[in-house]
Number of protein chains: 2
Amino acid sequence: MAVGMTEIDKTDRKILSILQGDGRIANVELAERIGLSPTSVGERLKRLQRDGFVEGYGARLNPHRLGLGLLVFVEVLLDKTTPDVFEKFARAVQTAPEVLECHMVAGGFDYLVKARVANMTAYRRFLGETLLALPGVRETRTYAVMEEVKRDAPLPVG
Amino acid sequence: MAVGMTEIDKTDRKILSILQGDGRIANVELAERIGLSPTSVGERLKRLQRDGFVEGYGARLNPHRLGLGLLVFVEVLLDKTTPDVFEKFARAVQTAPEVLECHMVAGGFDYLVKARVANMTAYRRFLGETLLALPGVRETRTYAVMEEVKRDAPLPVG
DNA sequence: ACTGAAATAGCGTAGCA
DNA sequence: TGCTACGCTATTTCAGT
């Protein structure tokens, strides 16, 4: 028997979809919207959590309200002749609070970094003291976001 | 009297930080961790929500578990001679479920799109039928993510 | 998957340091 | 501001069917 099931039905997807939009919805109300009893929905949800479909719950905070007005994407090219560049870069990125996402990509550069900072001054500091300070960083290209057209949309589950 | 206050203290930040990590924590436990009474924490949280610091709550879903194994970033260049390209593109992007984020950027291109799809086949369909089908799209550059080094880190509130 | 009972948590109010 | 304390309501959890 498998440790974690992977098959989920329409009802499970509906649960995930609603929960993604409102993580604090009461189980009774969730059950009403689904059309099942609270107990059944609770059991399904517990299974979905156990099997890793739901990783957790979180408050969605407004970055601008928190003074994080500038969103930037940074393309990073590494000098592959330097030893352990990838490991070192990956580790440094984990500890930098400004970095919200970092991905290794296939294409014209090596890493794509998404970061949020207060303003351009803060960004220059972050770039100089964090990104460029790392050994093996050969080149960076910064793209400042002028307008967030679509921000953190829910995953298409249904 | 102001409609929405903007000043938040250390305690507020602690509340936001904990809530960002666990959106379903009980108010009593949150109060314990903060070192205040549940009533006070409840009032603070209510204010933080009213003033727009907290936009909502949501379940964090595992995209890979849901069959969305491929994360891509697409740089999009628009043909500025076509009328209303920006408006049309922005509207189309809102309705596309594959698009998780879309930002207008300053620099070498116009929009940066973050999308999640099942695989390369699904991506080719999305690119051809959604992105390239839009009028005014002059060029796209696709960067497929090989490894998600850091994924959706919490905002640095504290 | 449902029902029903017991345990918990949340919410509003009042009064006080 | 924050705290305690109360009662009330809603919700979760755990039986058994």
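These numbers come from a predicted model, not from an experiment. Keep in mind that the numbers below use all heavy atoms, side chains included, and drop hydrogens, waters and symmetry copies. So that the names make sense, note that chain A is the first sequence line, chain B the second, and so on, each numbered from 1.
A salt bridge links B:D110 to B:K80: one of the charged nitrogens lies within less than 4.0 Å of a carboxylate oxygen. Salt bridge present: B:E101 and B:K114 bring a charged side-chain N and a carboxylate O closer than 4.0 Å. The residues B:R44 and B:D9 are annotated as salt-bridged, a charged nitrogen and a carboxylate oxygen being separated by less than 4.0 angstrom. Between B:E148 and B:R151 a salt bridge is recorded (basic side-chain N to carboxylate O distance below 4.0 Å).
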Note to self: Run A:H103 and B:F73 through ring-ring contact (aromatic ring centres under 6.0 Å, His included) and show every step you take.
What the structure shows: CA-CA 10 Å; A:H103 309 284; B:F73 286 87; 5.4 Å; yes
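When the local axes at the two ends of the helix from C:dA1-D:dT17 to C:dA17-D:dT1 are compared, using 5 base pairs at each end, they differ in direction by 30° after rounding to 10°.
Shown for residues 8-46 of chain B: residues whose heavy atoms fall under 4.0 angstrom of DNA chain C, namely B:A26, B:N27, B:V28.
Outside the 6.0 Å centre-distance limit, the rings of B:Y57 and A:Y57 are not counted as a close aromatic pair.
In this structure, the separation between OG1 on A:T140 and CG on A:L77 is 9.0 Å, given to the nearest 0.5 Å.
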